[in-house]
Amino acid sequence: MQATEHIFVYGLLMFPEIVEAITGQRYQMLDAVLAYHQRRGLSQSPLDAPVPVLTEAPGRAQQGKLLLDVGPDAIKALDFFEEIDSGHYVKKAVRVQAAGQWYSAFCYAIGPTLTPYISGDWQPELVSEAQKAHFIQQVIPQMLQALAATKP
C-alpha cells in the first residue's frame, strides 16, 4: 500500500467537487484549525480568479478542512494545481487540530511570488457556483492536461 498524507485546506480545496475534479477522488474531510495562521486574499492577483493565501499570523487561528489519507498521485496533482514549482505557494508541514485530536499534515502556504499581492480577506462563501464551474470545466482540465504533458 502506498503512503498517504493529510492535507490542511483553507480555500478552493475546501470544496469537495474541486478536489474531486483535480484528483478524481472524494476524501474524508474533517473540520480543522491551524494555529498561528490566517487566510488572506489577493489584490491585483496575477491569476484570473479569486485566490486565497495562507500566511503566518501570531495569535490567530485559521479554520479549514483536513483531507485525510491523500495518496501520492493525488498529491502530485494538488502540488501542480497549487503551482509550488512557480513559487505561488509553498508546501509546509503543520500540526492541525481536528475532531478533538492533533494531526500531522501539510498545507499550501503563500509563496514568494504572491506575497506582494496580499490584501484583505477571502471567504469561501464569496465563491460563486459559476466560478466553481469555471474551475471544474476549464481551469482544472487544462491543468491536468499540462500535468500529463510533464510525465516522462
Side-chain angles (χ1 to χ4, degrees), residues 3-25 27 29 32-68 70-96 98 103-152:
T4 61
E5 297 188 51
H6 306 313
I7 307 171
F8 176 79
V9 296
Y10 56 89
L12 292 172
L13 297 178
M14 289 195 310
F15 299 113
E17 60 271 33
I18 299 277
V19 173
E20 185 174 12
I22 295 168
T23 66
Q25 298 178 59
Y27 292 94
M29 296 174 110
V33 177
L34 176 59
Y36 309 111
H37 286 78
Q38 177 182 12
R39 178 180 55 217
R40 302 286 307 273
L42 298 178
S43 71
Q44 303 173 355
S45 169
L47 309 172
D48 59 359
V51 177
V53 293
L54 187 69
T55 63
E56 290 188 9
R60 302 294 301 258
Q62 182 57 55
Q63 301 283 328
K65 300 281 185 187
L66 186 64
L67 302 180
L68 297 177
V70 181
D73 290 341
I75 290 170
K76 278 186 199 140
L78 292 168
D79 287 354
F80 196 82
F81 177 75
E82 295 292 351
E83 299 187 65
I84 61 173
D85 290 343
S86 71
H88 285 170
Y89 292 86
V90 294
K91 200 161 150 177
K92 177 176 171 179
V94 292
R95 300 260 304 146
V96 299
Y103 289 84
S104 293
F106 69 84
C107 68
Y108 297 101
I110 191 166
T113 306
L114 295 180
T115 299
Y117 300 99
I118 294 174
S119 176
D121 198 9
W122 183 94
Q123 295 296 325
E125 314 67 75
L126 300 179
V127 178
S128 70
E129 290 303 316
Q131 288 167 325
K132 282 192 234 176
H134 173 73
F135 269 96
I136 291 168
Q137 296 165 9
Q138 294 179 12
V139 175
I140 293 169
Q142 290 171 358
M143 182 271 308
L144 291 173
Q145 194 171 25
L147 176 60
T150 67
K151 292 183 180 175

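Since the structure is predicted, the reported quantities are computational estimates derived from the model, not experimental observations. Start at 1 with the first residue, then count along the sequence.
Closest non-hydrogen pair, Met143 versus Ala77, comes out as SD-O, 4.0 Å. Residues Ala61 and Val33 approach most closely at CB-CG1, 3.7 Å, considering heavy atoms. Considering all non-hydrogen atoms of both residues, Pro141 and Ile136 come closest at CD-O, 3.2 Å. Contact between Gln38 and Arg60 at its shortest, heavy atoms only, is NE2-NH1, 3.2 Å. Closest non-hydrogen pair, Ala105 versus Leu66, comes out as CB-CD1, 3.8 Å. In terms of heavy-atom proximity, Ala3 sits nearest to Pro72 at O-CD, 3.4 Å.
Between the CZ atom of Phe135 and the CD1 atom of Ile22 there is a distance of 8.5 Å, given to the nearest 0.5 Å. Met29 contributes atom CE, which lies 11.0 Å from atom OH of Tyr27 (distance to the nearest 0.5 angstrom). The CD atom of Gln131 sits 10.0 Å away from the CD1 atom of Ile18 when rounded to the nearest 0.5 Å. The line from NE2 of His134 to CD of Glu129 is 14.5 Å long, rounded to the nearest 0.5 Å. To the nearest 0.5 Å, atoms CD1 (Ile110) and NE2 (His37) are separated by 11.5 Å. Note that OG1 of Thr115 is 10.5 Å distant from NE2 of His88, once rounded to the nearest 0.5 Å.
Ion pairing between a basic and an acidic side chain is recognised when a charged N comes within 4.0 Å of a carboxylate O; Asp121 and Arg40 show no such pairing. Salt bridge status for Lys92 with Glu56: present, with a side-chain N to carboxylate O gap under 4.0 Å.
Taking 4.5 Å as the limit, some side-chain heavy atom of Tyr103 sits within range of a side-chain heavy atom of Leu68. The shortest distance between side-chain heavy atoms of Gln123 and Arg39 falls below 4.5 Å. Between Pro52 and Leu42, every side-chain heavy-atom pair lies at or beyond the 4.5 Å cut-off. You'll find the side chain of Leu34 reaches within 4.5 Å of the side chain of Leu54, heavy atoms only. Between His6 and Val70, the closest side-chain pair of non-hydrogen atoms is not below 4.5 Å. Taking the side chain as every heavy atom from C-beta outward, Thr55 and Ile118 approach each other to under 4.5 Å. Between Thr150 and Phe80 there is a side-chain heavy-atom pair separated by less than 4.5 Å. Taking the side chain as every heavy atom from C-beta outward, Leu67 and Val19 approach each other to under 4.5 Å.
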**Request:** In sequence, state the C-alpha distance, the side-chain angles, and the governing distance for Ile7 and Leu78, and then conclude on side-chain contact (heavy atoms from CB on, under 4.5 Å).
**Result:** CA-CA 10 Å; Ile7 307 171; Leu78 292 168; 3.5 Å; yes
**Request:** Please step through side-chain contact (heavy atoms from CB on, under 4.5 Å) for the pair Ile75 and Lys91, ending with a clear verdict.
**Result:** CA-CA 11 Å; Ile75 290 170; Lys91 200 161 150 177; 3.3 Å; yes
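A cation-pi arrangement is present between Lys132 and Phe15 under the rule of less than 6.0 angstrom and at most 45 degrees off the ring axis.
There is a side-chain donor-acceptor pair under 3.5 Å between Arg95 and Ser104. Side-chain atoms of Asp79 and Tyr89 include no donor-acceptor pair closer than 3.5 Å.
Judged by distance alone, with hydrogens and angles left aside, the side-chain atoms of Tyr10 form a donor-acceptor pair with the main-chain N or O of Tyr108 at under 3.5 Å.
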